[in-house]
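Numbers restart at 1 for each chain; the letters A, B, ... are given by sequence-line order, proteins then strands.
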2 protein chains.
Amino acid sequence: MDVTIKDVAKRAGVSTATVSRVLNGSPYVQEHLASRVREAIAELGYRRNAAARSLKTKKTNTIGVLVPDISNPYFMQISKGLEDVLAPHGFSLIFASSDEDSRKEAKLLRVLSEYRVDCLVVATAGGNDELLKDINGGGLPVVLVDRLPPVLAGELDYVVEDNHSSAYQLVHHFLEQGARSFGLIHGPMSATTALERAFGCRAALAEGKVPPERIVEYHGDFSQASGQAAVRLFLQGELPDAVLALNNSMAWGAILELSKHKLRIGEDVLLGSYGAVDAAPLLPFSITYVDQNPRELGERVGEVVRERLVSSKQGHIWHVMQQKLRMDRPE
Amino acid sequence: MDVTIKDVAKRAGVSTATVSRVLNGSPYVQEHLASRVREAIAELGYRRNAAARSLKTKKTNTIGVLVPDISNPYFMQISKGLEDVLAPHGFSLIFASSDEDSRKEAKLLRVLSEYRVDCLVVATAGGNDELLKDINGGGLPVVLVDRLPPVLAGELDYVVEDNHSSAYQLVHHFLEQGARSFGLIHGPMSATTALERAFGCRAALAEGKVPPERIVEYHGDFSQASGQAAVRLFLQGELPDAVLALNNSMAWGAILELSKHKLRIGEDVLLGSYGAVDAAPLLPFSITYVDQNPRELGERVGEVVRERLVSSKQGHIWHVMQQKLRMDRPE
DNA sequence: GTGAAAGCGCTAACAC
DNA sequence: GTGTTAGCGCTTTCAC
């Protein structure tokens, strides 16, 4: 049997209420009693029971975080930012990974809500728009991050990147570099980010009057393998002037595959990426990419969570973060 | 006010005990009652309260995971493996990040134990040996992963790599390649992994009769920057035949710095790494490295956790996983 | 099979 | 200031 507040009270010769007051830092306890309580706590090795506490207070000081992939550095950078902001305020993070699966996501959403987390941070795999709206409506604040299903734009708090604009600028840059034909490697259209990036690209291509026959599009799944597959497809026709991968894993796949075919990036073909390619500084060619900042995204989410929890403010909070184009050149 | 089991009972015209039985899948409920309960649950949008539940059952179905850095892919790969094994059994993971800080680790250990997690998985930052032993002794099973303070080897369950042997082999390989002088880039000695790797290296160097004056050692902190700093140090003397970085971030830093100085890896200097360097397949030189498998480490930990929780077995469970040497060559 | 009722450990009125 | 006490929502004997 665990030691409870009752045991502490008995040992210190006070009531449980006094122990509770000491535990919660109430100023209305005489110092000599407080120190007796603290002694008893130490002697007995008492640890407060969070379940009993939150049953009473209806607060868990826990934030549920639901991401498509717990091992994806992008999402974990976001989580790091979140933790940096929230941990100092006493919040813990409980994680779940949907594996980009709507059904699993729905199940995990239920589990997290049963834990009565104080707030839910979700990078949705899609397909749970109604459920998310219900949960939020039911009194559990939901903050969307990275992925924003259009239906939810007016309904929930969110912090996302300006995917459309960044992708637009990426294409625009290559048009200015003189590229006249394009190979686009898209992510899965179930991810709103992939969809928005695709639209951003198309807007720039239309504006640049690039005719459809000079555009090849491959629909990948954000994985390195799909970046490689895309390049193999492109090689079946005439190699486009520029290959644009709409995330960094696919960009890396494209680089590997192009290299395998002895194609020189920067000369035979230009390469663009949405998101930095880690190895870029060492590669013998330059890559222009959209500079994401997941850490900052996470910090912003943390602030939104706090705003939502402390100021219980009306209306919705949303942030659309701007990205800049960057180029890594060989040194 | 949330809807409770009482509301459901009233709506279904049964007692709370019956609702509870349905919730827990007890077979001793007549089907027509059970379905009425399920209806009521759906109509009312009832969600079970995990806090109340675990207050009673003394189980949370939650595993606490404490790692030095939540955004480090190595630890998140471990976590992914853990989650893959545990999630199907209804366990959720609650994470905390110690930032390699013993004091923060101690605090988080307390928080997690207050949550009454069913088990604690810890990659320790060090300095909390007694606390960890106490927690485990107090009835909360602790499973160490990756980092194993020697004092705890006989006290707790653990799953770790064979750092000593792998590092030994790494050095041995370079001796066989003809390297006669070495530059070692160590991790922080507060991390047991770094310490073990250092001993492994030294054992091989001693056996190879490499005289001390042909060994330069730099004590880094596992970061890319410290890999770069190490190389700058090495360049002040005579460049060693082989530079060995004892983790992959430092290896990458070393590569960047060597390249910056126009040194050709594989010709001017050999390079070895503990852990794969992501960009390796594309680099114009080969790297020999210890092939870690964090995902599998995590899966193994998951199995240990389950063993510990279900079979409440006596004694300690430990796994020391073996790694293989691998070489990535340019294609 | 089903229900009544006693807590699990804690907090927060309320009374003193 | 401090103590008493009534629950928070659930599970689980123990009767019936």
Rounded distance (Å) that lies between atom C1' of C:dC8 and atom CG of A:D2: 11 Å
Figure out the CD/P separation between B:E31 and C:dG1, and round it to whole Å. 14 Å
Sequence neighbours left out, what passes side chain to side chain contact (heavy atoms under 4.5 Å, CB included) with A:L108? Give chain and number order. A:L66, A:A96, A:K104
B:S79: partners by side chain to side chain donor-acceptor pair (under 3.5 Å), with sequence neighbours left out: none
Without hydrogens or angle criteria, can the side chains of B:R48 and B:N24 be said to hold a donor-acceptor pair below 3.5 Å? yes
Find the distance B:N61:CG to D:dC10:P and express it as a whole number of Å. 15 Å
Ordered by number, residues from residues 6-15 of chain A within less than 4.0 Å of DNA chain C (heavy atoms) are none
Grab the NZ-C1' distance between A:K58 and D:dC10 for me, whole Å please. 12 Å
With sequence neighbours left out, the residues meeting side chain to side chain donor-acceptor pair (under 3.5 Å) with A:E83 are none
Nearest-Å distance for atom pair CZ/C1', residues B:R116 and C:dC10: 11 Å
Name all residues meeting the side chain to side chain contact (heavy atoms under 4.5 Å, CB included) criterion together with A:T62; count only those two or more places apart in sequence or in a different chain, and write none if there are none. A:T60, A:I94, A:V117, B:Y115
Sorted by position of nearest nucleotide on DNA chain C, 5' first, the leading residue of B:V29 and B:L55 is B:V29
Base-pairing string, 5' to 3', of DNA chain C - Watson-Crick or wobble, under 3.5 Å, | interstrand: ||||||||||||||||
I'd like a list of close polar pairs between nucleotides 11-13 of chain D and the protein, N/O only, cut-off under 3.5 Å.
unit_1 : atom_1 : unit_2 : atom_2 : d
D:dT11 : OP1    : B:R53  : NE     : 2.7
D:dT11 : OP2    : B:S20  : OG     : 2.9

Between D:dC14 atom P and B:Y28 atom OH, what is the distance in whole Å? 17 Å
Can you name the residues that form a side chain to side chain contact (heavy atoms under 4.5 Å, CB included) with B:V320, not counting sequence neighbours? B:Y158, B:V160, B:D162, B:W318, B:Q322
For residues 5-12 of chain B, tabulate all N or O donor-acceptor pairs below 3.5 Å that involve a side-chain atom, not counting sequence neighbours.
unit_1 : atom_1 : unit_2 : atom_2 : d
B:D7   : OD2    : B:T4   : N      : 2.8
B:R11  : NE     : B:E43  : OE1    : 2.8
B:R11  : NH2    : B:E43  : OE1    : 2.6

Give me each pair satisfying ring pair (Phe, Tyr, Trp, His ring centres under 6.0 Å) with a member in residues 74-95 of chain B, each pair once, sequence neighbours excluded. A:F95-B:F95
Main-chain N/O of A:I317 paired with A:D157 side-chain donor or acceptor, under 3.5 Å: yes
According to side chain to side chain contact (heavy atoms under 4.5 Å, CB included), who are the partners of B:S26, at least two apart in sequence or on a separate chain? B:R21, B:Y28, B:V29
Quick one: list whatever passes salt bridge (charged side-chain N to carboxylate O under 4.0 Å, His left out) with B:E299, sequence neighbours left out. none
Rounded distance in Å - CZ (A:R47) to P (C:dC10): 10 Å
Please give, in whole Å, the distance from C:dG9 C1' to A:I41 CD1? 14 Å
